[in-house]
There are 2 protein chains.
Amino acid sequence: MTCVTEELSRINKRLSAQGYKLTPQRDATLRVLLENEKEHLSAEEVFMLVRQQSPKIGIATVYRVLELFSELHIVEKMNFGDGVARYDLRSEEHEHMHHHLICRECGEVREIMEDWLSLLEKRLETEYGFTVTDHRLDFYGSFRDCTNNNCKHNCKAVS
Amino acid sequence: MTCVTEELSRINKRLSAQGYKLTPQRDATLRVLLENEKEHLSAEEVFMLVRQQSPKIGIATVYRVLELFSELHIVEKMNFGDGVARYDLRSEEHEHMHHHLICRECGEVREIMEDWLSLLEKRLETEYGFTVTDHRLDFYGSFRDCTNNNCKHNCKAVS
DNA sequence: ATTCATGCAAACGGTTTGCAGTATA
DNA sequence: TATACTGCAAACCGTTTGCATGAAT
């Protein structure tokens, strides 16, 4: 876990290496994502947070920035079935250990950082002739200690 | 794998047990799903197929039928990130062995019918206090024998 | 000066909803 | 005839796009 400025300059290098600039809007979006690394924010949520710091930004810009970051594999665009795309900063160590526990009671999304798929992906390669470039592993259910009342997140069940 | 009429009457029982009727529209939708069990149809696609047999049906009805079936766990509603919900008949044996290989070249979605998650779900229960009621495991990548030209499906990459 | 990026508002597309009409028990 | 269900069209809402303005080489 590196510090924010360090991470920012790393990503800045990646942007300019591909001919893109780190504009104030992109910088602000990036900071919001860095400060909420565990949150799986929607575009709307990113927009509201970025606007606190850059009040003039439009939501179209947020969408364009997130789309660009997604193409450059800076963020991962994902979908938990609740009708909105969610975005997550993508760090290297996430590669094979980026799984989700999604609580049906309160909607919380917790991350699992164990490598559970490398072996399976090797089998897919040899037995199915399928080369994996990405994956998703999500579990839906409920936490034993979640009673839908004592959750840190607002209690809106993921459909 | 039971025959269509048998499957239909089984589901009919489940419907009436919960106070719902097997209307002609629901029957037609069900038949389309049964006849395309491996296809992961979208609501639009179901609509077009159902209409061949019941030309007067409206798309709102299809959505309502699919939503109902989804609530009753007759179909599974899923999302591959291409902007449309897709629906799949859900049979018992699918429970722990319903995984997808999604080809980025041609968009084909192949199913894997091996049990890869039971063990992991037991660990989630004991180590994380999380009770799994459902899951999804999708692999994105490419088939060795897929060159984007010789695919049975129309070659539109899943985003 | 040219190129890339932004903000605004309108368009888009999949999905849902209100409501009046229809079928079924 | 009471209740559930359907078809139509309009509304909805997250996302994308066209276009004129603005920033930065």
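The chains referred to below are lettered A, B, ... by the order of the sequence lines, with proteins before strands, and numbering in each begins at 1. A quick note: this is a predicted structure, and the numbers were derived from the prediction, not measured.
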**Q** Are B:R90 and B:D134 close enough for a salt bridge, meaning some N to O gap below 4.0 Å?
**A**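 Looking at B:D134 together with B:R90, the answer is yes, because their closest N to O distance falls below 4.0 Å.
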**Q** Give the intermediate values and the outcome of ring-ring contact (aromatic ring centres under 6.0 Å, His included) for residues A:H100 and A:Y140.
**A** CA-CA 8 Å; A:H100 298 111; A:Y140 295 83; 9.7 Å; no
**Q** For the pair made of NZ in B:K21 and P in C:dA23, what is the distance, rounded to whole Å?
**A** 13 Å
**Q** For B:Y20, is the NZ or CZ atom of B:R26 found under 6.0 angstrom from the centre of its six-membered ring and inside 45 degrees of the ring axis?
**A** no
**Q** Regarding B:E44, tell me which of base, sugar-phosphate or nothing describes its non-hydrogen contacts under 4.0 Å with the strands shown.
**A** nothing
**Q** Provide, to the nearest angstrom, the distance between the CZ atom belonging to B:F47 and the C1' atom belonging to C:dG13.
**A**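 It is 15 Å, rounded to the nearest whole Å.
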**Q** What is the 5' to 3' range of DNA chain D, first to last nucleotide, that sits under 4.0 Å from any heavy atom of chain A?
**A** D:dG14 to D:dG18
**Q** Just how far, in rounded Å, is P of C:dT6 from CG of A:D27?
**A** 12 Å
**Q** Do A:S9 and A:N12 get their side chains close enough for a donor-acceptor pair, meaning under 3.5 Å?
**A** no
**Q** Between B:W116 and B:H99, how do the two ring planes meet: parallel, tilted or perpendicular, split at 30° and 60°?
**A**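 Ring orientation of B:W116 relative to B:H99: parallel.
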**Q** Would you mind reporting whether B:L89 and B:F69 have side-chain heavy atoms less than 4.5 Å apart?
**A**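 Answer no - side chains too far apart.
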**Q** Please list, by residue number, the residues of residues 57-66 of chain A whose heavy atoms come closer than 4.0 Å to an atom of DNA chain D; answer none if no residue qualifies.
**A**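 Within this stretch, A:A60, A:Y63, A:R64 sit under 4.0 Å of the strand.
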**Q** How many whole angstroms separate atom CD of A:Q18 from atom P of C:dC4?
**A** 15 Å
**Q** Are B:R136 and B:D138 within salt-bridge range, i.e. N to O under 4.0 Å?
**A**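 Between B:D138 and B:R136 there is a salt bridge, with a charged N closer than 4.0 Å to a carboxylate O.
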**Q** With a 4.5 Å limit on heavy-atom distance, are the side chains of B:V109 and B:L101 in contact?
**A** no
**Q** Would you call A:R86 and A:E39 a salt bridge, using N to O less than 4.0 angstrom?
**A** no
**Q** Examine C:dG14: is either OP1 or OP2 under 4.0 Å from a nitrogen or oxygen in the side chain of B:S42? Give yes or no.
**A**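 Negative; the distance criterion is not met.
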**Q** Could you check how far CD of A:E67 sits from C1' of C:dC4, rounded to whole Å?
**A** 17 Å
**Q** What's the CG-C1' distance between B:D82 and C:dG14, to the nearest Å?
**A**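 Rounded to the whole Å, the gap is 11 Å.
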